[in-house]
Amino acid sequence: MTIRPIYWQDEAVMILDQRLLPGKLVYLPCRDMRRVIHCIKTLAVRGAPAIGVAAAMGLVLAARAIKADDPAKFRAALARRAQVMAQARPTAVNLAWACGQMLETARAAEGEVSAIVEALYHKSQRMLEDDIAINQAMGRHGAALVPHGATILTHCNAGALATGGYGTALGVARAAAEAGKNPSVIADETRPLLQGARLTAWEMVQENIPVRVAPDSAVGVIMSRGMVDLVVVGADRIAMNGDVANKVGTFNVALQAQRHGVPFYVAAPLSTIDPGAKSADDIPIEERAAVEITKLGGRAIAAPGAGAINFAFDVTPNDLVTAIITEVGVLRPPYEKSLAQAKANEKIQGAGR
Ligand SMILES: CSC[C@H]1O[C@H](OP(=O)(O)O)[C@H](O)[C@@H]1O
């Protein structure tokens, strides 16, 4: 089954409302930037690469609404809108990266405003298509690390729903299955919004990849019983020293993996590696509303009057990361060197795109 989290349909951006999965498959038609921002903020669309693509498409909608015939004034107006878009969620670097890519496209496009808008549309579509190809390449590199019949534990959802449609961490599982390795998956349910139970399990069922859901708190006992061969998770932002920001709870999984001698892999495109972040200290961690903790399915699960702590992400220190799987290969410590080399090569190859 092809899972399409987001796509163009005529003049509208169609966003699969992931808040309603696994029960309902509902697409939201977005015809202006504000609607796309709302989808990003409310996690109707979520996952670092997917929100990057959503931001790019949202900026096309914004560009089409700018009333300016002068290209310079148009580019200035677009830059102001990109600044608003980039603030929709702070941790996933792909959001800001995608906005930067769109502004670069507008800068490089020649001719009238209409030609710039057309170039922006094609850039947003190419970003979606490139993401799928990047994920497939990443999956092939990652699949080489998956033993036959292995059980892969993952956290949150880093699958087709979090990307352009193939997946980073789940892309490794997909590619291993496509290579005939018969992997199975253990999906941490991933409190508070249950992306693992709701989204990862749904994706794996669609793919006929065996999947079992487990409470986040069970990772230790599951690993202590030798039930996990490797961990593969996604990432929202990777610092140049290899510190990894990902869904809250990932750090706990990494500590358990170290304790039990289980390889802990991070699967992420090069665009998730942030050259502006030297270490975890430079990664903003999103805090979300208390109600996401105190309610579940609209029902109170915490005593009325109780507060909540709702960090949406945490940072896994680089010494707990066995390797980082990317579209150009598997990057290993020392990350200061391997990540810098990969980003340098990206710049050289990107220069030609
Ligand atoms: C392929 S990146 C997916 C990444 O994004 C998720 O966070 P959220 O659901 O809040 O967007 C989680 O950190 C995943 O690993």
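Just so you know, these numbers come straight off a predicted model, no measurement behind them. In listed order, ligands and their atoms are each counted from 1. We count residues from 1, following the sequence as given.
For the pair Lys123 and Glu104, the salt-bridge criterion is not met [side-chain N within less than 4.0 Å of a carboxylate O]. Under a 4.0 Å N-O distance rule, the pair Glu346/Lys343 qualifies as a salt bridge.
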Under the criterion side chain to side chain donor-acceptor pair (under 3.5 Å), I'd like the reasoning laid out for Asp236 against Thr91: C-alpha separation, chi angles, the key distance, then a yes or no. CA-CA 6 Å; Asp236 290 80; Thr91 303; over 6 Å; no
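Under a 4.0 Å criterion applied to the non-hydrogen atoms of Ala48, ligand 1 contributes the atoms 2 (S), 3 (C), 5 (O). Near Ala162, with a cut-off below 4.0 Å to any heavy atom, the atoms of ligand 1 are 1 (C), 3 (C).
Counting protein heavy atoms only, atom 6 (C) of ligand 1 is closest to Arg46 NH2, 3.7 Å. Residue, atom and distance of the protein heavy atom nearest to atom 3 (C) of ligand 1 are Asn157 O, 3.5 Å. The protein atom (non-hydrogen) at minimum distance from atom 1 (C) of ligand 1 is Thr168 OG1, 3.3 Å. For atom 12 (C) of ligand 1, the closest heavy atom belonging to the protein is Cys156 SG, 3.4 Å.
Proximity of Ile51 to ligand 1, defined as any heavy-atom pair under 4.0 Å, is not found for any part of the residue. Contacts with ligand 1 closer than 4.0 Å are made by side-chain heavy atoms of Arg89 only, the backbone lying farther away. Of the heavy atoms in Lys247, both backbone and side-chain atoms come closer than 4.0 Å to ligand 1. Residue-level proximity to ligand 1 for Ala235 is carried by the backbone, the only part with a heavy atom below 4.0 angstrom.
Between Pro49 and ligand 1 there is a heavy-atom distance shorter than 4.0 Å.
Taking the side chain as every heavy atom from C-beta outward, Gln125 and Trp8 approach each other to under 4.5 Å.
A side chain to side chain contact (heavy atoms under 4.5 Å, CB included) with His155 is found for exactly one of Thr200, Thr250, Val219, namely Thr250. Between Asn157 and the choices Arg46, Arg198, Gln18, the side-chain hydrogen bond (donor to acceptor under 3.5 Å, both in side chains) rule is met once, by Arg46.
Annotation: cation-pi pair Arg19/Trp202 absent, no NZ/CZ under 6.0 Å from the ring centroid and within 45° of its normal.
The minimum heavy-atom distance between Leu270 and Ala342, with the atom names listed, is CD2-CB, 3.9 Å.
The residue from Asp236, Val248, Asn246 that puts a heavy atom closest to atom 15 (O) of ligand 1 is Asn246.
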